[in-house]
Amino acid sequence: MIIEELNQELRETVKKFSKEKDLDVIFKEKDIEFEISDDINRAHFSSSTPLKLAKFFKTNPVELAKNISEKINHKAISKSSVEGAGFINIFINQRHISDEVKKVLKYDKEWGKKNLKKGKVLVEFVSSNPTGPLHIGHARGAVLGNIISNLLSNEGYEVTKEYYVNDAGRQINILALSVLLETFPNKINREGLYLGNYIKDLAKKFVKSKLVYFVNEPEKILSSDTEEKIDQLITYYKEGSPKTWKQIKDFSVKEMIVLIKADLLKMEIIHDNWFYESSLGSVEKKSSSLAKALDIIVKSKNTLEKDGAIWFQGTKFGDDKNRVLLRANKEPTYYLTDVGYHKNKIDRNFDHYINIFGADHHGYVARLTSAFNLIKKSNQDIEHILYQLVNLYEGGRKSTMSTRRGKFLSLADLLNEFNSDLIKFFFLEKKYDHEIDFDTMLAKENSKNNPYFYTMYAYVRCCSILEKRKPNLNKNLDTNELLKNYELLSKIINFPFYLEKFTLERSPHSLVHFTKEVAANYHSFYEQNPVITDNQEESNARLLITKATSIVLKNSFKIIGVTPLEKM
RNA sequence: GCGCUUGUAGCUCAGCUGGAUAGAGCAUCUGGCUUCGAACCAGAGGGUCGGGAGUUCGAAUCUUCCCAGGCGCACCA
């Protein structure tokens, strides 16, 4: 890539210059670089390096810029100058642009893709409890995890997308209880249980599909405390009708996962691996990930015993309090279970781990990271990406979502209103650390303004022209045409650089904005430059620009996870 | 109270690891379809970048203090 070559040249020049001056200063690499200019009338590439280094060289920036700029030499440079407070501005020549455009066409589907082997990454995302269908908040995590995975694998990482299924624990028992009470006649108050319509559906399906044993409702008086009462009921059915309990629990979890998978499939988001909490085994079993993780942490002397429980000394690592790992009754807490899960991840030998969580989990990150660092192998590391929550509004009024109370906007309902590619653009154009207020009515009214249409329309225009006439690569390019449209071409030929940047920055929204800009440049180009004309050379150059644009848009769509349309 | 996070045009958002005149879309206003798809283009107006202070050649961007919103502070998951 030209920018990398220019940076290389710039760094060598600066190095030479400092040797001449007999100075031995080590510079930060990012201080010595060119950036792609956003104003092509000013420059194709510009650098503020002289401004940054003037102090080290004890000279004024303009002077330094002149010195450096005179020494920079690259065959692609057509003009280089010093402007402003000490910026180096350079233009590249027509020959180079033309070569680059040819390269884009040659690489086609591969343009922007790196073939280097960069290591194995495990991306965990969605991981919603199978106690209810996915809702709009999960959808945000889903599209985010998907695009981050795509960006990474495009950069040459070997990516595994994983969904962690919490199929054990109290929440699952509550799910089972909710379905059970819906299945058998009883007069028990359902307060605190899962109340969504999907529970009724599960119960109906359960009755149809299985031979069930009848269970009675408990005769003894239940606690007046909701949570206590739920636990009493769970114990009553679990111990009183173990066979039915297990049947209904397994059935409910299985069915919920079927639903979740179906929703994700509709979004064309497919996890490579579904990891079940229940497969972690028990702490009693020495060989389980749970036991191994606990063992390592205890041996690292970062635990203490209090009230019969084993606590992790989180305060040593900046947590505000210590956390229980193993309860006095030898039951693992959720924390230990998750640490055990990460032990399992570690043993599967990835180089890098990314967890994509909703921002409501942020308090959990420090804890998990400290434990991870104690049990990891060297050269492994973990990273958390937190996305802010989606607020649901109904007619301007905020409505609080709750899976338990059955109050949420399900992904399935969302998909009935909007196509999945539209939803992807909607979520991904916003940075993930920004909250989103979602009002279905408003969203319907505004859906026409979704950048999806604007961007896709540019692609459709390209396709429709290319259907009429194909560019000829063997003919000479009208280089004047290329230079005239450099603003568009700059994005096209620097596409791999942009992708690398977006991946490194973990800023998928930038890719969406980038495609919007490419589309804008193309729309503008389209209005001003009839592509199919009698002037063969001119027409061919414009066809090449059209083809190159379509390549960059198509490759971007693939990473974003939307289907390119040839007609709309 | 402590911690994390957000505050940029009327609205929805980019820009934030310091760089040149703070950008889009929507809305408002003015133009453009007999020609490759007008789901588009060209142009106009609209800003104390939440507020104060600091760091420096330079601050929307870094530091700090306020103000306002969101989230989190379990032997729940």
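Note that the structure is a prediction, hence the values are computed from the model and not measured. First the proteins, then the strands, lettered A, B, ... as listed; each starts at 1.
With sequence neighbours excluded, the residues forming a side-chain hydrogen bond (donor to acceptor under 3.5 Å, both in side chains) with S510(A) are S507(A), listed by chain and number. With sequence neighbours left out, the ring pair (Phe, Tyr, Trp, His ring centres under 6.0 Å) criterion links F408(A) to no other residue. Every residue meeting the ring pair (Phe, Tyr, Trp, His ring centres under 6.0 Å) condition with Y452(A), not counting sequence neighbours, appears here in chain and number order: F425(A). Residues satisfying the side chain to side chain contact (heavy atoms under 4.5 Å, CB included) test with K321(A), not counting sequence neighbours, are R323(A). Listed by chain and residue number, N166(A) satisfy the side-chain hydrogen bond (donor to acceptor under 3.5 Å, both in side chains) test with E277(A) (two or more places apart in sequence, or in another chain). Contacts of F45(A) classified as ring pair (Phe, Tyr, Trp, His ring centres under 6.0 Å), with partners at least two apart in sequence or in another chain: none. In this view, D360(A) and L389(A) satisfy the side chain to side chain contact (heavy atoms under 4.5 Å, CB included) rule, not counting sequence neighbours. Residues passing the side chain to side chain contact (heavy atoms under 4.5 Å, CB included) test with F453(A) are L422(A), N450(A), M568(A), sequence neighbours excluded.
Taking the six-membered ring where tryptophan is involved, the planes of H513(A) and H509(A) are perpendicular, since the angle between them exceeds 60° and thus also 30°.
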For nucleotides 5-20 of chain B, read 5' to 3', which letter fits each nucleotide if B means a protein heavy atom sits under 4.0 Å from the base, S means only the sugar-phosphate is that close, and - means neither?
SS------SSSBBSBB
Indicate for each nucleotide in nucleotides 28-47 of chain B, in 5' to 3' sequence, whether protein heavy atoms under 4.0 Å reach the base (B), only the sugar-phosphate (S), or nothing (-).
----B---BBSBBSS-----
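The salt bridge (Lys or Arg N to Asp or Glu O under 4.0 Å) analysis of residues 43-65 of chain A, with sequence neighbours excluded, yields no pairs.
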Atom pairs under 3.5 Å: protein N/O with N/O of nucleotides 59-62 of chain B:
none

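The nucleotide A39(B) finds no pairing partner, because no Watson-Crick or G-U wobble arrangement with both distances shorter than 3.5 Å includes it.
Look at K330(A) and you won't find any side-chain N or O under 4.0 angstrom from OP1 or OP2 of C75(B).
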